[in-house]
**Q** 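Take this structure, written in structure tokens, and hold onto it; I'll ask about it next.
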Amino acid sequence: FWLIPIISILIMLNLLCQYWLFQLYSGTATVSFIALNSAFAPVIVGWVFFGEGKNISKLELLGFLCGIVAAILIIFSH
């Protein structure tokens, strides 16, 4: 029950940080941060707040690490 308000506050802080970054820097400098955040934040929230990280096998962890590397390569190649 208490997870929903905490996650809602974290989402609002995330949006506030993104708005702040757009105000400080150009759009191209912040796109990489926002893309990384939108790619990995849902997974990390699921692992930490909902306990999904307890049952991760080594194969799933390897897949996630490959996904991280691929996403970083795609995001920073532009």
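Keep in mind the model is a prediction, meaning the values are calculated, not measured.
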**Q** Mind checking whether L59 and V69 sit in one hydrophobic cluster, side chains of I, L, V, M, F, W, Y counted as touching below 4.5 Å?
**A**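 No, no single cluster joins them.
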**Q** Should V43 and V48 be regarded as members of a common hydrophobic cluster, given that ILVMFWY residues are connected when their side-chain heavy atoms come within less than 4.5 Å of each other, either directly or indirectly?
**A**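 They do share one cluster, since a chain of ILVMFWY contacts under 4.5 Å joins V43 to V48.
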**Q** To the nearest 0.5 Å, tell me how far W47 CH2 sits from N55 CG.
**A**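 Reported to 0.5 Å precision, the distance equals 12.0 Å.
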**Q** Can you measure from CZ (F49) to CD1 (I44) and round to the nearest 0.5 angstrom?
**A**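 The CD1 atom of I44 is 11.0 Å from CZ of F49, to the nearest 0.5 Å.
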**Q** Would you please name every residue forming a ring pair (Phe, Tyr, Trp, His ring centres under 6.0 Å) with F50, sequence neighbours left out?
**A**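 F50 satisfies ring pair (Phe, Tyr, Trp, His ring centres under 6.0 Å) with no other residue.
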**Q** Identify the two heavy atoms, one from L61 and one from I56, that lie closest to each other, and give their separation to 0.1 Å.
**A**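 L61 and I56 have their closest heavy atoms at N-CG2, 3.8 Å.
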